[in-house]
Number of protein chains: 2
Amino acid sequence: MSSTPTFKRLPRAVREQQMLDAAVKVFSRRGYHAASMDEIAEDAGISKPMVYAYLGTKEELFVACLHREGTRMTEAIAGAAAPELPADERLWRGLRAFFGFVGAHRDGWAVLYRQARGEQPFAGELAAMRARLVEVVAGMLDHALRAEGREIAGADLELAAYALVGASESLADWLADHPEADPEKTATRMMNVAWLGADQLLNGVTWRPPER
Amino acid sequence: MSSTPTFKRLPRAVREQQMLDAAVKVFSRRGYHAASMDEIAEDAGISKPMVYAYLGTKEELFVACLHREGTRMTEAIAGAAAPELPADERLWRGLRAFFGFVGAHRDGWAVLYRQARGEQPFAGELAAMRARLVEVVAGMLDHALRAEGREIAGADLELAAYALVGASESLADWLADHPEADPEKTATRMMNVAWLGADQLLNGVTWRPPER
DNA sequence: GCGTAACCTTACGCACCAGTAGGTATGCTC
DNA sequence: GAGCATACCTACTGGTGCGTAAGGTTACGC
């Protein structure tokens with residue numbers, strides 16, 4: 001509809017989002033190093049110096065991607081798992097939101113968890129995000145425990161949360177590689193493994209290594 | 001004590017192992033791309049052309065690392081989890097071997113699961129290794145189920161195995177970053193979450209999403 | 001309708017690093 | 001102790017891609 005069929009001059013905020021979209025896409029397909037700034041710029045329909053002008057160096061650009069995707073994800077989860085719900089309902093809603101996010105943003109997921117993990121400059125950033133998530137899950141378990149008058153050592157609690165988060169990430173990876181799969185169903189399956197185990201833990205059932 | 005205080009000429013097989021040791025170390029610390037062949041050579045106490053002569057290009061070198069560490073790990077696990085044992089005992093021994101391996105080869109673990117995942121050329125290789133592991137776990141669960149005359153749909157079984165493997169990887173990552181942690185204890189904690197959940201599953205208990 | 005500021009481009013410098021060419025030393029065999 | 005194979009080195013090249021300098025172009029204010 002526009003009278004200019006070539007380019008349009010767009011306000012900064014819009015261009016930045018386009019650039020981030022392109023960056024997430026290229027980073028996820030090629031990997032951090034193999035992705036070239038030229039390709040990102042081209043994919044965004046813009047030239048390279050604009051990327052530098054708006055988002056800074058390659059490293060800063062990647063961090064920006066990380067932040068945007070990370071924020072989107074944590075907000076999606078936090079918004080779904082309201083703290084006043086019972087533990088199993090909270091876990092279920094959180095998982096559903098999580099897998100829903102991954103299903104809808106497979107590229108973003110790949111950037112977050114496949115790329116950021118290996119590259120030193122970002123590993124710390126990612127670890128912090130993950131730690132927050134683990135903290136939330138641990139808090140949830142703890143809350144449920146206290147409601148029943150029970151308690152678990154802090155370290156055990158945290159590790160249980162860590163395991164749950166890891167299992168979810170693993171299934172998320174599977175989901176990202178299977179476009180035909182249904183996020184909702186994946187969440188249900190995760191819930192089956194996670195909750196049944198967690199429920200036992202909450203009820204004070206523990207497994208002990210065989211005596212020898 | 002040798003009369004030559006400078007270097008020693010060593011047979012190829014020995015030097016290759018030294019190079020692989022150095023490569024695993026440098027790859028795990030720097031990441032695949034940031035690692036330079038010069039640094040690897042220096043760390044191995046040798047010059048770069050030797051690395052090329054023995055192990056080939058950077059990509060081939062990384063694959064060699066991947067293979068060595070992967071083989072070591074799968075052999076450690078397979079050797080511990082004998083198929084004739086009952087399911088819980090098998091799972092326990094497998095987990096113990098797994099965490100023991102990660103605790104003793106933190107660098108190798110980092111190469112396998114943090115680096116290889118992000119880089120396209122190796123992701124496939126790694127995925128295949130992982131798939132074999134998932135298959136083993138799934139087979140174990142299936143075996144235990146049939147022993148009780150039960151059955152689960154193949155997809156559900158596989159996803160449960162996937163979740164278990166993912167949770168273990170997550171704890172392994174935690175372990176790799178906490179040198180003071182005890183692998184045996186970590187395995188026990190993992191077993192607590194995994195087995196209690198799996199046991200429920202095996203007993204036909206399933207969780208269902210709330211009706212609405 | 002003209003200045004000006006923001007938007008956008010082409011084209012290049014520069015550093016870094018994978019991979020190699022060509023040559024030297026050492027030990028082993030007969 | 002001559003000859004050969006294998007271990008090993010120094011020093012270079014070539015390509016790739018990040019980051020930038022310097023200059024065009026469009027839209028908006030007045």
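Every chain is numbered from 1 and lettered A, B, ... according to where its sequence line falls, protein lines coming before strand lines. Just so we're clear, the structure is a prediction, and the values are computed from it rather than from any experiment. The figures here come from the full heavy-atom set of this structure, side chains too, leaving out hydrogens, waters and symmetry mates.
Across the protein-nucleic acid pair, B/Glu42 atom CD and D/dC9 atom C1' stand 15 Å apart, rounded to whole Å. With rounding to whole Å, B/Arg12 atom CZ is found 18 Å from C/dG27 atom C1'. Separating the CG atom of B/Asp38 from the C1' atom of C/dC16 is a distance of 10 Å, rounded to the nearest angstrom. In this structure, the CE atom of A/Met19 is 10 Å from the P atom of C/dC7, given to the nearest Å. In this structure, B/Ile40 atom CD1 and C/dG19 atom P are separated by 11 Å, rounded to whole Å.
One distance of note links OH of A/Tyr113 with CD of A/Glu69; it measures 12.0 Å at 0.5 Å rounding. Interatomic distance, B/Met129 CE to B/Glu125 CD, rounded to the nearest 0.5 Å: 8.5 Å. Put simply, CG on A/Leu91 and OG on A/Ser168 are 7.5 Å apart, with the number rounded to the nearest 0.5 Å.
Taking the side chain to side chain donor-acceptor pair (under 3.5 Å) definition, one finds that A/Arg90 meets it with nothing, sequence neighbours left out. The side chain to side chain donor-acceptor pair (under 3.5 Å) test applied to A/Asp177 returns A/Arg114, not counting sequence neighbours. For A/Glu75, there are no side chain to side chain donor-acceptor pair (under 3.5 Å) partners at least two apart in sequence or on another chain.
An OP1 or OP2 oxygen of D/dC8 is reached within less than 4.0 angstrom by a side-chain nitrogen or oxygen of B/Arg15.
Near DNA chain C, meaning a heavy atom under 4.0 Å away, there are no residues from residues 25-35 of chain A. Residues from residues 46-61 of chain B that place a heavy atom under 4.0 Å from any atom of DNA chain C, listed by number: B/Lys48, B/Pro49, B/Tyr52, B/Thr57, B/Lys58.
Side-chain atoms of A/Thr186 and A/Arg96 form no donor-acceptor pair, as typed in the model, at a separation below 3.5 Å.
A salt bridge (Lys or Arg N to Asp or Glu O under 4.0 Å) check over residues 20-34 of chain A, counting only residues at least two apart or in different chains, returns the pairs A/Asp21-A/Arg68, A/Lys25-A/Asp43, A/Arg29-A/Asp107, A/Arg30-A/Glu39.
Ranking D/dC18, C/dA18, D/dA7 by closeness to the B/Met37 side chain, first place goes to C/dA18.
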